[in-house]
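Both backbone and side-chain heavy atoms feed into the values below; hydrogens, waters and symmetry mates do not. Reminder, nothing fancy here: chain letters follow the sequence lines and each chain counts from 1. Here the structure is a predicted model, which is why all the values come from computation and not from measurement.
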There are 2 protein chains.
Amino acid sequence: MANIRDVARHAGVSVSSVSNVLNGRSDQMRLATLERIRQAMQELNYHPNRVAQQLKTGQAKMIGLLVPSIVNPSFAVLTREVDRAAKARQYRVLLGNTYRQEDEEQAFLEDMFAHGVQGVIVAASAMERPHFANAARLGLVMVNYDSRMPSDALLGNQPFDSVSMDNVAAGRMAAEHLIERGCRQLAFVTEAFLTISRAHKIEGFFSAVRDHGLTDNARVIEGKALAAYGDTEMTELGRTLAAKVLQQAPRPDGIVAINDALGIGLMAGLRDAGVRIPQDISVIGIDNIPLADLVHPALTSVMPPLTEMVAVMVERLLARIENPSITPGEFLFPPRLITRHSVIDSTEP
Amino acid sequence: MANIRDVARHAGVSVSSVSNVLNGRSDQMRLATLERIRQAMQELNYHPNRVAQQLKTGQAKMIGLLVPSIVNPSFAVLTREVDRAAKARQYRVLLGNTYRQEDEEQAFLEDMFAHGVQGVIVAASAMERPHFANAARLGLVMVNYDSRMPSDALLGNQPFDSVSMDNVAAGRMAAEHLIERGCRQLAFVTEAFLTISRAHKIEGFFSAVRDHGLTDNARVIEGKALAAYGDTEMTELGRTLAAKVLQQAPRPDGIVAINDALGIGLMAGLRDAGVRIPQDISVIGIDNIPLADLVHPALTSVMPPLTEMVAVMVERLLARIENPSITPGEFLFPPRLITRHSVIDSTEP
DNA sequence: TTGAAAGCGGTACCAG
DNA sequence: CTGGTACCGCTTTCAA
């Protein structure tokens with residue numbers, strides 16, 4: 001591995017000159033010198049040592065990505081997008097699975113400091129935990145994805161950016177789709193633990209229901225999952241909640257599931273009970289995980305515009321690393337409806 | 001961020017002493033000094049700068065993980081296990097999605113050098129591509145997971161470790177399970193592109209078939225996927241191949257799918273054609289992705305003992321970084337059968 | 001326009 | 001047992 005001195009010697013110039021071309025300050029340089037340096041780099045197959053650069057400049061060219069579990073397809077897709085966006089700007093991704101555990105999160109943040117990583121994307125974590133605020137105070141730039149803040153009291157003076165789908169709109173969009181397709185007895189099925197994004201989805205759901213004068217026919221059905229980070233648990237919960245749905249009188253004919261995994265479990269549970277989907281009951285999810293396409297009937301879902309969201313997250317992260325005085329902001333993205341086959345189409349025979 | 005000099009000053013000792021306790025060379029040290037240093041570290045909330053350590057020692061405390069696509073659940077699970085194993089040894093994981101593209105792989109390897117990463121786990125890639133051998137020559141330690149070598153001619157003098165499930169045994173185990181459960185018309189359904197692991201699975205399949213005198217009733221059914229790295233593609237291929245399966249005469253009553261994703265698509269396609277699973281046709285996959293549990297009927301599958309395999313991969317990686325003279329080896333792991341509900345149980349009524 | 005040299009935060013050798 | 005110091009590879013003044 002050749003180093004900058006080798007290149008300088010080989011080109012018969014000083015180290016500084018090589019450093020200058022490395023950093024794009026070759027405008028004032030004599031062309032012949034520039035050429036000689038370029039040549040030398042080529043011939044020695046020189047690649048600057050990022051570690052040394054980093055030690056000197058404090059710039060890591062790495063961003064951290066903290067996810068509850070990479071095995072959850074939503075986060076796998078997020079990770080791919082982040083990797084893509086980072087690569088486009090010559091950054092690499094340091095991944096951490098924290099299973100929503102405080103000690104893992106804490107350890108991950110400490111490692112980010114130790115590795116000189118200045119920016120981290122934090123997905124779906126309880127950002128009110130003190131170690132996040134603490135890390136922010138110590139200069140770590142963070143962008144939150146799909147916040148789980150328990151209250152929005154803090155919004156506006158958070159120490160990090162927040163990028164989410166407009167969950168109120170998503171809840172409304174889901175409910176409205178069901179209503180449009182002719183459903184009149186609506187239910188919102190969810191995990192009992194209330195996060196801000198869940199509260200927003202429910203809020204949107206009820207706002208649509210209200211607009212259509214269906215308030216008396218709408219309700220929330222909830223149950224408690226054993227663990228909240230896997231999809232298996234969500235699916236199991238959905239399956240369990242099928243019974244609860246069928247106990248309702250009058251029985252719902254349209255259901256919004258808080259996320260696709262739960263919706264898929266719910267469909268399985270309903271089917272086991274002899275219910276036909278969508279003929280007897282329509283189901284719509286929120287998330288649009290790849291699995292939605294593979295079940296039968298394929299699950300209609302409301303999806304976040306992930307690529308755009310990730311672009312903004314990475315952009316903000318790098319901008320705020322550059323210029324720490326930028327005030328953190330909140331970014332909301334409109335959801336999109338992906339129509340598949342789990343919602344009845346009354347226009348068809 | 002306090003540095004080692006701050007600690008030394010605070011404790012009234014020299015930098016070297018602090019460095020010594022940092023590196024566990026405190027045995028010869030006066031206890032009082034040790035204590036003072038410990039105290040100082042505490043009080044200043046000192047965390048050694050890994051970047052500086054790395055520049056000095058060349059040790060990165062990071063390992064690279066190259067996967068075709070993190071969105072493929074098999075690789076997501078692999079990634080989680082690698083992250084776990086790495087964490088247990090105080091390492092972090094640098095992730096790269098390369099979509100099996102040469103330029104992406106090449107760029108990833110170069111970045112590993114630039115970041116001072118000395119060990120990389122390479123999953124399911126075409127290891128005969130020259131940039132891998134080249135990276136090995138330049139000192140990068142690699143462990144291959146689930147090799148895609150087109151021929152085993154090179155085995156034994158490869159520049160990297162190779163860790164795989166015993167694919168012959170896996171193919172045999174799958175076929176034997178079907179036969180035991182009463183299937184007599186067997187088919188092996190696969191993607192047409194032949195990798196070594198695929199060839200081995202097919203070999204195992206036929207060896208079981210032969211042992212039971214069923215050779216005349218067994219065949220391979222294959223199709224070409226548009227892209228080979230995603231699961232969506234595999235699932236689509238499976239769906240497509242359902243028609244081909246149903247054209248066979250006599251119709252198969254037991255199918256081994258080259259991987260779970262394809263098996264899941266196949267089940268979807270068969271179901272759409274009115275075939276009941278497992279009553280009409282049994283399906284068994286190879287992989288055991290989390291999805292297998294979420295579809296209906298849940299997919300019986302042959303699984304690699306992933307946790308053990310990852311433990312070996314990480315162990316070998318770190319051992320060979322420590323001592324580059326260790327000869328690369330090949331490690332084969334026996335598969336396990338995970339019984340679910342996609343294979344008929346003739347013992348039940 | 002180019003070069004010399006200090007220093008980023010550690011490590012490790014050698015002296016005392 | 002502890003301290004002084006050269007050095008890892010690069011960036012960045014400051015001088016020439």
Regarding B/R50, tell me which of base, sugar-phosphate or nothing describes its non-hydrogen contacts under 4.0 Å with the strands shown. nothing
Whole angstroms only, please: what is the CZ-P distance between A/R36 and C/dT1? 15 Å
Ion pair present between B/R100 and B/E105, side-chain N to carboxylate O less than 4.0 angstrom? no
Within the structure, does a side-chain N or O atom of A/R25 lie under 4.0 Å from either OP1 or OP2 of D/dT12? yes
Give a yes or no on whether A/E308 atom CD has more than 12 heavy-atom contacts from other residues, nucleotides or ligands under 6.0 Å away. yes
The side chain to side chain contact (heavy atoms under 4.5 Å, CB included) partner of A/D83 among A/E81, A/K87, A/R80 is A/K87
Looking at A/K56 and C/dG7, is any side-chain donor or acceptor paired with a base atom of the opposite kind under 3.5 Å? yes
Whole angstrom is fine here: how far is it from CG in B/L55 over to P in C/dG7? 17 Å
Scan A/V13 against the nucleic acid and name what it touches under 4.0 Å (heavy atoms): base, sugar-phosphate only, or nothing. sugar-phosphate
In whole angstroms, the gap separating P of D/dC7 from CG of A/N49 amounts to 18 Å
Under 4.0 angstrom between B/N23 side-chain N/O and C/dT11 OP1 or OP2: yes
Record whether the side chain of B/S17 comes under 3.5 Å of the base of D/dG3 through a donor-acceptor pair of N or O atoms. no
Indicate, with a heavy-atom threshold strictly under 4.0 Å, whether A/T57 touches base, sugar-phosphate, or nothing. sugar-phosphate
For A/N20 and D/dC10, what is the distance between atoms CG and P respectively, to the nearest whole Å? 14 Å
Thinking salt bridges, do A/D6 and A/R9 make one under a 4.0 Å N-O criterion? yes
Interatomic distance, B/Q28 CD vs C/dC13 P [rounded to whole Å]: 15 Å
